[in-house]
Amino acid sequence: MPASSLAAPLCTWLVASCMSCACEKDQAVKSPFLFQSSKWRSRLERRRKVMATQCGNGGGVGGLSLSCGLISCWCGSGIQNLMSTFEPCEDYYNSSKWFSSLALFGENGFSPFGSKTVPVTRRQRRMNSAAQSGNAVALAVQPIKEDAIKKKPLTMKRRVVVTGLGVVTPLGFDADIFYNNLLEGISGISEIEAFDCAQFPTRIAGEIKSFSADGWVAPKLSKRADKFMLYLLTAGKKALVDGGITKDIMCELNKAKCGIVIGSSLGGMQVFNDAIEALRVSYKKMNPFCIPFATSNMGSAMLAIDLGWMGPNYSISAACATSNFCILNAANHIARGESDIMLCGGSDAAIIPIGLGGFVACGALSQRNTNPTKASRPWDINRDGFVMGEGAGVLLLEELEHAKKRGANIYAEFLGGSSSFDAYHMIESHPNGTGIFFCMEKALAQSGVGREDVNYVNAHATSTPTGDLTEYQAIIQCFGRNPVLRVNSSKSMTGHLLGAAGAVEAVATIKAIQTGWLHPNINLENPDESTDMNVLVGSKKEHLEINVALSNSFGFGGHNSSILFAPYKNTL
């Protein structure tokens with residue numbers, strides 16, 4: 001047998017076994033653990049030179065041209081890729097006789113490990129055929145036996161339904177009261193009373209009046225915790241009560257499969273502000289709980305501690321898109337089988353001097369102080385900025401069979417959702433609406449819903465000059481083919497609840513599915529010329545049988561998130 005017949009495959013195997021990562025100097029991938037010492041590098045170089053000499057090819061290794069970037073190496077603490085691609089040289093293609101004589105690739109002949117006959121597998125026969133026909137062959141550095149790979153059986157995706165709603169808003173602390181006020185066109189925006197804001201150009205907000213956590217939060221915790229946490233704890237427990245989770249049912253739940261993902265955009269701003277003021281006197285005057293109570297994750301943690309829930313628990317902070325991100329992640333935990341029941345949503349309480357001052361400095365707030373209820377006016381030609389709000393919204397999500405087993409009331413079914421990022425500007429959305437459009441498109445693809453099926457959108461629309469139109473155009477581009485498409489914005493009455501906005505508006509969306517009534521867009525007196533009132537809901541509520549509803553939420557920095565709900569149908 002000619003020496004050249006053995007050289008190419010033998011060198012191929014040696015190179016594959018050595019996991020060579022060597023490339024040209026300026027393209028080499030350097031591992032933090034392997035081949036770092038000069039001793040290792042010199043050994044590698046010597047091995048490459050010997051192998052190249054034996055194969056009679058100075059430009060490659062073993063008659064193979066190595067493509068840098070396609071050669072695997074160890075990186076970090078694990079193997080990033082166990083496949084290397086080798087491009088055979090001319091001699092490789094011209095010497096087909098050796099291939100059938102090697103036990104490594106054929107039935108009989110030479111084997112690097114001895115003369116034992118190795119049976120030919122179907123995969124090896126395909127490789128033989130490819131090699132003899134002159135096609136490039138991809139060789140595994142460490143071949144994996146096919147029978148060693150255990151494939152998981154295909155399982156049907158678990159369905160996720162909404163079984164409970166909890167809110168704390170400027171329009172009420174009960175989901176039914178809140179939505180009835182929306183349907184009646186009642187505004188929750190008024191002059192700020194919590195502090196003297198005479199020095200600010202904006203003195204209005206969707207401020208929560210006369211809130212009490214009595215009966216929901218322990219008195220000692222109520223005195224120490226930030227309002228965002230009190231709103232969160234209250235709304236979370238209200239969602240449980242609304243979902244029919246009684247003490248008896250609570251005892252029967254598998255706590256390891258019960259989780260909470262409730263986020264906050266700004267966290268405990270008042271607690272942190274108070275800590276700074278105390279520090280001006282002495283660190284000894286600081287609240288010992290100021291750090292944990294200021295962090296956005298502590299709301300979910302405290303609620304889980306109270307309930308004894310040991311499943312997934314964390315907080316997502318994605319500015320004003322926070323709630324939708326939390327809802328989407330919570331639903332995914334259930335769909336993947338990691339949880340059976342999840343509380344999710346968002347909470348924020350930023351109507352304090354530093355919060356108001358910060359948004360005023362951004363130039364983002366409406367200054368319509370003389371007529372607060374008319375200040376928030378999405379898509380109206382006279383809109384002049386958004387109105388701050390505060391509150392919390394929490395959904396109780398549950399796996400369908402789990403909900404049916406306990407006889408839960410099902411409000412709607414969560415179909416799916418998605419997120420995207422504009423990568424454009426710190427505050428403004430991309431003027432072409434590409435990120436928003438991409439987000440809605442991905443949400444449809446992820447949930448398997450057609451564009452023509454969506455006939456209601458609860459928009460993010462905050463009453464800003466550019467943001468409202470950008471979102472509107474993206475919605476029309478995505479869903480405009482549906483002749484009965486209707487779009488409204490809850491912010492015309494609640495103001496912008498920041499990290500809580502998405503969850504509170506998800507509650508409004510679900511109540512619209514349940515009742516068949518859409519709330520009006522109040523203050524839409526002179527629609528922007530770029531909009532169409534055949535799409536936008538007017539100043540009065542409208543009746544609509546909803547097929548699929550979409551709720552949008554976008555945040556500072558360019559975060560976009562869309563989630564889809566539909567009436568629950570007991571069919572696949």
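One-based numbering along the sequence shown.
In terms of modelled atom types and a separation under 3.5 Å, the side chain of Thr169 and the main chain of Gly172 share a donor-acceptor contact. For Ser317 (side chain) and Ser264 (main-chain N/O), a donor-acceptor pair under 3.5 Å exists by modelled atom type. Formation of a donor-acceptor pair under 3.5 Å by the Glu184 side chain with backbone atoms of Ile186 is not found in this model. The backbone N or O of Asn297 lies less than 3.5 Å from no partner atom in the side chain of Ser300, so there is not a single donor-acceptor pair. Asp226 contributes a side-chain N or O that, together with a main-chain N or O of Phe228, makes up a donor-acceptor pair within less than 3.5 Å. Side-chain atoms of Thr509 do not come within 3.5 Å of backbone N or O of Asn458 as any donor-acceptor pair. The main-chain N or O of Ser419 is found under 3.5 Å from a side-chain atom of Lys442 such that the two form a donor-acceptor pair. Looking only at distances, a side-chain donor or acceptor of Asn521 sits under 3.5 Å from a matching main-chain atom of Ser489.
Using a 4.5 Å heavy-atom threshold, the side chains of Lys404 and Val161 count as separate. Looking at Leu233 and Leu221, their side chains come closer than 4.5 Å, going by heavy atoms from C-beta outward. Under the 4.5 Å side-chain criterion, counting only non-hydrogen atoms from C-beta, Asn488 is not in contact with Leu536. Looking at heavy atoms from C-beta onward, Leu485 lies in side-chain contact with Ile475 at the 4.5 angstrom threshold. Leu356 has its side chain out of reach of Ile351: every pair of non-hydrogen atoms, C-beta onward, lies at least 4.5 Å apart. Inter-residue side-chain proximity for Asp274 and Met269 is flagged as unmet; no heavy-atom pair is nearer than 4.5 Å. At least one side-chain heavy atom of Phe565 sits less than 4.5 Å from a side-chain heavy atom of Val162. Residues Glu390 and Tyr231 form a side-chain contact, since some pair of their non-hydrogen atoms from C-beta on lies under 4.5 Å apart.
Lys491 has a carboxylate O that lies under 4.0 Å from a charged side-chain N of Glu505, or vice versa, which qualifies the two as a salt bridge. Salt bridge Arg451/Glu441: present, at least one basic N to carboxylate O contact under 4.0 Å. Salt-bridge formation is detected for the pair Asp340/Arg158: a Lys NZ or Arg NE/NH1/NH2 atom is positioned less than 4.0 Å from an Asp or Glu carboxylate oxygen. The pair Glu413-Lys569 fails the salt-bridge criterion, with no side-chain N (NZ, NE, NH1 or NH2) lying under 4.0 Å from an Asp/Glu carboxylate O. The existence of a salt bridge linking Glu193 and Lys209 is confirmed by a sub-4.0 Å separation between a basic side-chain nitrogen and an acidic carboxylate oxygen. Between Lys257 and Glu338 there is no salt bridge, since no side-chain nitrogen of the basic residue lies less than 4.0 Å from a carboxylate oxygen of the acidic one.
Centroid-to-centroid, the aromatic rings of His559 and Phe421 come within less than 6.0 Å. For His333 and Tyr314, the gap between ring centers is short of 6.0 Å. Aromatic pair Phe211/Phe173: ring centres closer than 6.0 Å.
Side chain to side chain, Asp248 and Thr246 fail the donor-acceptor criterion of an N or O pair below 3.5 Å. Side-chain atoms of Ser562 and Asn552 include a donor-acceptor pair closer than 3.5 Å.
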Exercise. Step by step, work out the side chain to side chain donor-acceptor pair (under 3.5 Å) result for Tyr411 and Asp242.
Key: CA-CA 11 Å; Tyr411 283 108; Asp242 186 61; 2.7 Å; yes

Quiz item: Hey, mind stepping through Leu307 and Leu240 against side-chain contact (heavy atoms from CB on, under 4.5 Å) and telling me if it holds?
Solution: CA-CA 10 Å; Leu307 300 177; Leu240 286 178; 3.6 Å; yes

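Tested against Phe325, the residues Cys344, Ser553, Ser561 include a single side-chain contact (heavy atoms from CB on, under 4.5 Å) partner, Ser561.
Under the 6.0 Å distance and 45° angle rule, Lys541 counts as a cation-pi partner of Trp517.
Taken to the nearest 0.5 Å, the SG atom of Cys320 stands 8.5 Å off from the CG atom of Asp348.
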